[in-house]
Amino acid sequence: MINDFQKGSLATRMQIPMIYGIDAVHGNNNVYKATIFPHNIGLGATRHYMLLRDPKLVKKIGAATALESRATGIPYVFAPCIAVCRDPRWGRCYESYSEDPHLVDAMTEIVPGLQGDMPAKSSKGIPFVAGNKNVAACAKHYVGDGGTTKGINENNTVINWHDLLSIHMPGYYTSIIKGVSTVMVSYSSWNGVKMHANRDLVTGFLKNKLRFRGFVISDWEGIDRITYPPHANYTYSIQAAIGSGIDMVMVPYNYSSFIDGLTFLVKNNFIPMSRIDDAVKRILRVKFAMGLFENPLADNSLVDQLGSQEHRRLAREAVRRSLVLLKNGHHADQPLLPLPKKTSKILVAGSHADNLGYQCGGWTIEWQGFSGNDLTNGTTVLTAIKNTVDSSTNVVYEENPDPKFVKSNNFSCAIVVVGEHPYVETKGDSMNLTIPEPGPTTIRNVCGALKCVVILMSGRPVVIEPDIDSMDALVAAWLPGSEGQGVADVLFGDYGFSGKLPRTWFKTVDQLPMNVGDPHYDPLFPFGFGLTTEPTKAY
């Protein structure tokens with residue numbers, strides 16, 4: 001498909017290749033059989049391991065994502081999201097590595113993973129793509145997307161200049177130094193000014209002060225949303241957006257009215273030709289850096305990279321490192337985990353135990369994600385448990401068992417896997433942060449009667465009181481992606497738990513926003529918390 005588009009571009013008068021980009025935000029996640037990596041919040045939880053021993057995990061994930069994108073002919077990805085989510089009520093919080101700007105800054109190591117390592121003496125701020133096994137990256141969403149009031153998506157970030165720079169900007173400085181090719185502007189506003197119309201921040205700061213030399217791209221219909229209601233005054237939106245310094249505009253539907261409107265504004269001197277020249281120069285600079293003129297078409301030899309065993313092993317490792325153990329036994333000297341592989345009978349319960357779509361979360365195959373096991377390939381937690389336990393251990397799966405079933409079957413222990421249903425963007429905004437039924441009921445029915453470990457799959461901390469009291473063990477598994485075997489690897493002791501909370505875990509939503517370093521910091525589990533276990537046998 002992309003080759004056909006590209007051939008159309010190459011047949012035009014100037015023969016300039018087009019650039020095709022995709023939301024590859026946890027692997028090449030739109031494509032059947034691609035490796036789905038943990039969402040960014042889970043990668044943020046690996047940071048204890050990364051910063052102390054192996055800073056390359058997220059970089060390796062970037063390189064694998066680049067290969068799987070190139071395998072489908074795609075040379076440009078709208079990643080990484082370097083939002084600093086300051087309120088988990090935001091529906092995009094799982095796309096943020098952490099509430100801590102230092103941690104988000106460290107995770108920009110994914111940029112050289114995607115694009116390749118810049119040569120040592122290259123100029124800072126110049127877009128860089130190493131070759132046709134790498135992709136152009138996109139730091140997003142500039143700037144303050146994670147700081148909106150009450151976490152409302154696309155809303156207003158009320159913050160002073162100093163805090164904007166110290167909380168939301170560091171990832172952009174570092175990405176630019178690492179040669180990021182593009183920056184995407186945020187739907188949100190800063191102190192009432194829409195970012196898509198903010199010339200001071202887009203041209204004045206990003207382009208002039210930080211000397212960013214790649215191109216600035218709008219979000220999907222981003223310029224329409226400069227006005228309320230959207231598209232109310234499209235000519236004004238075009239003038240404001242292009243005037244602010246946006247170089248490439250995502251116009252999914254009404255492209256002819258955009259082209260007509262922009263042409264009118266330039267011909268009548270509302271937008272100077274110098275602004276158009278700047279945009280064209282930047283877009284061509286990135287296309288040249290990518291090697292698009294030399295290699296405009298897909299490289300068919302990369303097709304075997306999609307969902308390769310090597311990439312699945314990497315994703316499985318990332319899952320293991322991302323799991324945060326929040327509770328292990330009612331008393332420290334009586335831990336439940338790791339579970340024995342050899343036991344009589346284990347109950348596996350919960351809506352998320354055998355649901356690949358729920359396990360992957362939003363931005364997977366469909367925009368809003370999916371439910372079930374039919375739309376792509378991977379390993380559910382249930383399958384992973386069956387793969388891991390001794391052949392004599394009886395694994396019984398009952399999605400929503402009633403109390404009678406739980407009590408009458410002589411189970412030695414239970415594994416309950418529940419959490420949030422998939423969501424993306426505004427659909428994920430939540431003012432109560434509870435997990436949907438039947439999740440809480442399943443926890444009560446099972447954990448009230450058996451020794452149980454709850455594996456919580458969610459894009460953010462959620463309300464777990466008072467149910468946590470009945471749990472023997474609790475694991476925050478975030479949105480682990482296609483390789484559920486990584487969960488069983490740690491649950492049964494082949495590897496130890498090592499993940500640390502990349503976000504503060506609140507007691508009640510009334511405390512929000514509450515971030516590490518705040519004066520009245522009173523969390524259920526603090527930022528950086530995570531119990532550890534030792535592997536039961538050395539690898």
Side-chain angles (χ1 to χ4, degrees), residues 319-320 323-331 334-359 371-373 378-421 435-458 462 464 466-478 480 484-495 497 531 533 536:
V319 173
R320 291 196 294 263
L323 302 174
V324 180
L325 182 56
L326 296 175
K327 182 178 180 179
N328 191 14
H330 290 290
H331 304 285
Q334 296 175 327
L336 180 66
L337 303 178
L339 295 171
K341 292 182 181 177
K342 190 165 187 175
T343 187
S344 58
K345 192 154 61 164
I346 297 175
L347 171 63
V348 179
S351 51
H352 290 53
D354 192 34
N355 193 315
L356 195 60
Y358 283 7
Q359 191 173 298
S371 175
N373 298 329
T379 306
T380 67
V381 171
L382 175 65
T383 302
I385 291 166
K386 289 177 175 176
N387 289 345
T388 305
V389 296
D390 188 86
S391 58
S392 66
T393 301
N394 184 10
V395 176
V396 177
Y397 172 57
E398 184 72 23
E399 186 175 336
N400 299 308
D402 60 36
K404 185 181 170 191
F405 179 87
V406 174
K407 287 170 184 163
S408 62
N409 272 282
N410 295 322
F411 294 111
S412 50
C413 67
I415 301 167
V416 179
V417 194
V418 293
E420 295 187 301
H421 297 156
I435 63 169
E437 287 291 354
T441 299
T442 307
I443 292 170
R444 285 166 207 146
N445 286 348
V446 176
C447 296
L450 292 175
K451 279 200 163 148
C452 82
V453 52
V454 172
I455 298 167
L456 190 58
M457 291 191 180
S458 65
V462 290
I464 51 173
D467 292 326
I468 189 171
D469 295 336
S470 68
M471 304 172 195
D472 294 274
L474 173 62
V475 178
W478 314 112
Q485 192 64 49
V487 176
D489 287 344
V490 182
L491 208 55
F492 290 93
D494 288 342
Y495 295 81
F497 280 93
L531 302 171
T533 59
T536 48

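Computed from a predicted model, the values in this text were never measured in an experiment.
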Where is the tightest heavy-atom contact between [X] and [Y], given as atom of each residue plus distance?
X      : Y      : value
Leu326 : Ala476 : CD1-CB, 4.1 Å
Pro401 : Val406 : CB-CG2, 3.8 Å
Ile346 : Thr343 : CG1-CG2, 3.6 Å
Tyr397 : Ala353 : CE1-CB, 3.9 Å
Arg320 : Tyr495 : CD-CD1, 3.4 Å
Lys327 : Asp472 : CG-O, 3.9 Å

Fill in: Tyr358: ring pair (Phe, Tyr, Trp, His ring centres under 6.0 Å) partners, not counting sequence neighbours
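So Tyr358 forms a ring pair (Phe, Tyr, Trp, His ring centres under 6.0 Å) with His352, His421.
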Using atom types as modelled and distance alone, determine if a side-chain donor or acceptor of [X] lies under 3.5 Å from a backbone N or O of [Y].
X      : Y      : answer
Ser458 : Gly419 : no
Asn373 : Leu356 : yes
Thr536 : Gly493 : yes
Thr533 : Phe497 : yes

Worksheet item: Got Glu399 and Leu382 here, is their nearest side-chain heavy-atom distance under 4.5 Å?
Response: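 SC-SC contact between Glu399 and Leu382 ruled out.
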Worksheet item: Any side-chain heavy atom of Val487 sitting closer than 4.5 Å to one from Gln359?
Response: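 No; the side chains remain at least 4.5 Å from each other.
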Suppose we screen for side-chain contact (heavy atoms from CB on, under 4.5 Å). Which residues come up paired with [X], at least two apart in sequence or across chains?
X      : value
Ala473 : Asn328, Leu336, Leu337, Val453
Lys345 : Asn394, Val396, Asn409, Phe411
Pro438 : Asn400, Thr442

Practice prompt. Scan Asp390, Asp489, Asp494 and name whichever one has a salt bridge (charged side-chain N to carboxylate O under 4.0 Å, His left out) with Lys341.
Written response: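 Exactly one option meets the salt bridge (charged side-chain N to carboxylate O under 4.0 Å, His left out) with Lys341, and it is Asp494.
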Item to complete: Starting from the C-alpha separation in whole Å, work towards a yes-or-no answer on side chain to side chain contact (heavy atoms under 4.5 Å, CB included) for Leu456 and Ile435.
Response: CA-CA 9 Å; Leu456 190 58; Ile435 63 169; 4.2 Å; yes
Practice prompt. Start with the C-alpha distance between Ile464 and Val454, add both sets of side-chain angles, then the distance that settles side chain to side chain contact (heavy atoms under 4.5 Å, CB included), and finish with yes or no.
Written response: CA-CA 11 Å; Ile464 51 173; Val454 172; over 6 Å; no
Item to complete: Kindly write out the residues that satisfy salt bridge (charged side-chain N to carboxylate O under 4.0 Å, His left out) with Asp354, not counting sequence neighbours, or none if the list is empty.
Response: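 Per chain and number, Asp354 pairs via salt bridge (charged side-chain N to carboxylate O under 4.0 Å, His left out) with no residue.
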Worksheet item: Which value, rounded to the nearest 0.5 Å, describes the distance between Trp478 atom CH2 and Glu420 atom CD?
Response: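 The CD atom of Glu420 is 10.5 Å from CH2 of Trp478, to the nearest 0.5 Å.
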Worksheet entry | Ile455 side, atom CD1; Met471 side, atom CE - distance, nearest 0.5 Å |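 Here the rounded value is 11.5 Å.
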Fill in: Step-by-step side chain to side chain contact (heavy atoms under 4.5 Å, CB included) determination, Ser470 to Arg444
CA-CA 7 Å; Ser470 68; Arg444 285 166 207 146; 5.6 Å; no
Worksheet item: Do you know which of Thr383, Thr379, Thr388 makes side-chain hydrogen bond (donor to acceptor under 3.5 Å, both in side chains) with Gln485?
Response: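 Running side-chain hydrogen bond (donor to acceptor under 3.5 Å, both in side chains) over Thr383, Thr379, Thr388 with Gln485 returns exactly one hit, Thr388.
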Worksheet entry | For Asn410, all residues meeting side-chain hydrogen bond (donor to acceptor under 3.5 Å, both in side chains), sequence neighbours excluded |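 Partners of Asn410 by the side-chain hydrogen bond (donor to acceptor under 3.5 Å, both in side chains) criterion come out as none, since no residue qualifies.
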Discussion item. Before you tell me yes or no, could you show the steps for Phe405 and Asn445 under side chain to side chain contact (heavy atoms under 4.5 Å, CB included), namely the whole-Å CA-CA distance, both residues' side-chain angles and the distance that decides it to 0.1 Å?
Written reply: CA-CA 9 Å; Phe405 179 87; Asn445 286 348; over 6 Å; no
Discussion item. Please determine whether disulfide (SG to SG under 2.5 Å) holds for the pair Cys447 and Cys452, giving the CA-CA distance in whole Å, both sets of side-chain angles, and the decisive distance to 0.1 Å.
Written reply: CA-CA 5 Å; Cys447 296; Cys452 82; 2.0 Å; yes
